[in-house]
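Worksheet for the structure shown next.
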Number of protein chains: 2
Amino acid sequence: MVARKQNSTYTRNEKCIIDCDLTYAVYKIGGRWKLLILNKLESKKMRFSDLKKEFSYITERMLTLQLRALEQDGLVKRTVYAEVPPRVEYELTEMALELGPILKQLSDWGSKQRNQ
Amino acid sequence: MVARKQNSTYTRNEKCIIDCDLTYAVYKIGGRWKLLILNKLESKKMRFSDLKKEFSYITERMLTLQLRALEQDGLVKRTVYAEVPPRVEYELTEMALELGPILKQLSDWGSKQRNQ
DNA sequence: ACCATTACTTACATATTTGTACGTACCATA
DNA sequence: TATGGTACGTACAAATATGTAAGTAATGGT
């Protein structure tokens, strides 16, 4: 979310992660708030302010950063309306929608794991 | 992996994440090397030194930390043999095995996403 | 007595992520 | 002229995650 040190071991190791389809996938949804956002957007498109209200504990900055990252990764589509005050809508892309059923299974697994 | 500050916003926000079954699940597999380790252990149980050889870019410390976390979360079973030099074997638990098919789908999704 | 092996541990340094506080542009309305 | 709403941006601080380097215990073999 901020400039990366191109030559740290940390960053170089990232390449090992991006190499594998699985870790690549999880990497894309790995931000702290991304899954909650994706989940929420699954049922309907929402404005920035709607998301802000929904997730009162997420700061505006973080919301912006996570949405930007999701947009970059092609999981969220951002539409700006040239109005004042501004209106910006976020919705899932096809790719993100395909993720839905998988996440549902993960969620079920989580629920099951929790009750042990 | 190290002592947490119980009252940071960061730690308090974690509770919001653990509340949701989905984010809870992803949280369990969210360490940097966990998925690679789980993936590898799916086919066979392995010794610490085997894993070390397999993932030469993961430091011993990180390997230990990730394995410990996986063990804590009931995804990996650790067996110590009272020998010298020591022998320790790691294998997946039932719970982790159930995760396998889901991860396979995630991996496929990742592969598809990558080729866009 | 010395060295090698295995599976760690510990102290410390660095990198990255997340959070805090504040500022901005736009225009409509009071 | 002042204020309000929306969707950000920016500088900075704090917290956490990861990486580096070195050390440990036990014992068998030389």
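- B:Phe48 has its CZ atom 18 Å from the P atom of D:dA25, to the nearest Å.
- Nearest-nucleotide positions on DNA chain D for B:Thr59 and B:Ser8 put B:Ser8 closer to the 5' end.
- Listed candidates were C:dT6, C:dG19, D:dT16. Nearest to the side chain of B:Thr9 is C:dG19.
- Going from atom CD1 of A:Ile58 over to atom P of D:dA7 covers 15 Å, rounded to whole Å.
- You'll find that the side chain of B:Thr11 is closest to D:dT16, out of D:dT16, D:dG5, D:dC8.
- One atom, CG of A:Asn13, and another, C1' of D:dG19, lie 9 Å apart when rounded to the nearest Å.
- Closest to the side chain of A:Glu60, out of C:dA7, C:dT10, D:dA7, is D:dA7.
- For B:Tyr27 and D:dT16, the OH to P distance is 10 Å, given to the nearest whole Å.
- Comparing B:Lys52 and A:Arg32 by the nucleotide of DNA chain C whose heavy atom lies nearest to each, the residue mapping closer to the 5' end is B:Lys52.
- In this structure, B:Arg12 atom CZ and C:dT18 atom P are separated by 16 Å, rounded to whole Å.
- Looking at heavy atoms from C-beta onward, B:Arg12 lies in side-chain contact with B:Asn7 at the 4.5 angstrom threshold.
- Across the protein-nucleic acid pair, A:Met46 atom CE and D:dT6 atom C1' stand 15 Å apart, rounded to whole Å.
- Among the heavy atoms of the strands lying under 4.0 Å from B:Tyr90 are primed sugar atoms or P, OP1, OP2 only; no base atom is included.
- Considering only heavy atoms from C-beta on, A:Asp73 stays 4.5 Å or farther from A:Ile29 through its side chain.
- To the nearest angstrom, P of D:dA14 lies 16 Å from CG of B:Asn7.
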Take A:Tyr90 and A:Glu71, measure what side chain to side chain donor-acceptor pair (under 3.5 Å) needs, and give me the verdict at the end. CA-CA 9 Å; A:Tyr90 292 94; A:Glu71 193 193 355; over 6 Å; no
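- The listed nucleotides are D:dT27, C:dA11, C:dT20; the one nearest the side chain of B:Arg61 is C:dA11.
- Taking only side-chain atoms of A:Thr64, from C-beta outward, the nucleotide of D:dT27, C:dC8, D:dG9 with the closest atom is D:dG9.
- Taking the nucleotide of DNA chain C with the nearest heavy atom to each of B:Asp50 and A:Glu14, the more 5' of the two is matched to B:Asp50.
- For the pair B:Leu70/B:Arg78, no side-chain contact is recorded, criterion being any heavy-atom separation below 4.5 Å from C-beta on.
- You'll find the side chain of B:Thr64 stays beyond 4.5 Å of the side chain of B:Thr59, heavy atoms only.
- Between B:Lys28 and B:Lys34, every side-chain heavy-atom pair lies at or beyond the 4.5 Å cut-off.
- Each of B:Gln6 and B:Trp33 was assigned the nucleotide of DNA chain D with the nearest heavy atom; the assignment lying further toward the 5' end belongs to B:Gln6.
- Between B:Arg4 and the phosphate of D:dA17, there is a side-chain N or O to OP1/OP2 separation shorter than 4.0 Å.
- When the nucleotides D:dT18, C:dT9, D:dA26 are ranked by their closest atom to the side chain of B:Met62, D:dT18 comes out on top.
- You'll find that the side chain of A:Arg47 is closest to D:dT6, out of C:dT18, D:dT6, D:dC8.
- For B:Arg68, counting side-chain heavy atoms from C-beta on, the closest listed nucleotide (C:dT6, C:dT9, D:dG19) is C:dT9.
- End-to-end axis angle of the helix from C:dA1-D:dT30 to C:dA30-D:dT1, from C1' rotation axes over five pairs per end: 30° (rounded to 10 degrees).
- With C:dG19, D:dA7, C:dC8 as the choices, the nucleotide that has an atom nearest any side-chain atom of A:Arg78 turns out to be D:dA7.
- Here the nucleotide nearest the side chain of A:Tyr10, chosen from D:dA11, C:dT16, C:dC8, is C:dT16.
- Side-chain contact check for B:Asn13 versus A:Trp33: some heavy-atom pair is nearer than 4.5 Å.
- Screening residues 37-47 of chain A for side chain to side chain donor-acceptor pair (under 3.5 Å), with sequence neighbours left out, gives A:Lys40-A:Glu54.
- For the pair B:Asp108/A:Asp21, no side-chain contact is recorded, criterion being any heavy-atom separation below 4.5 Å from C-beta on.
- Per the geometry, CZ belonging to B:Phe55 stands 14 Å off P belonging to D:dG19, to the nearest Å.
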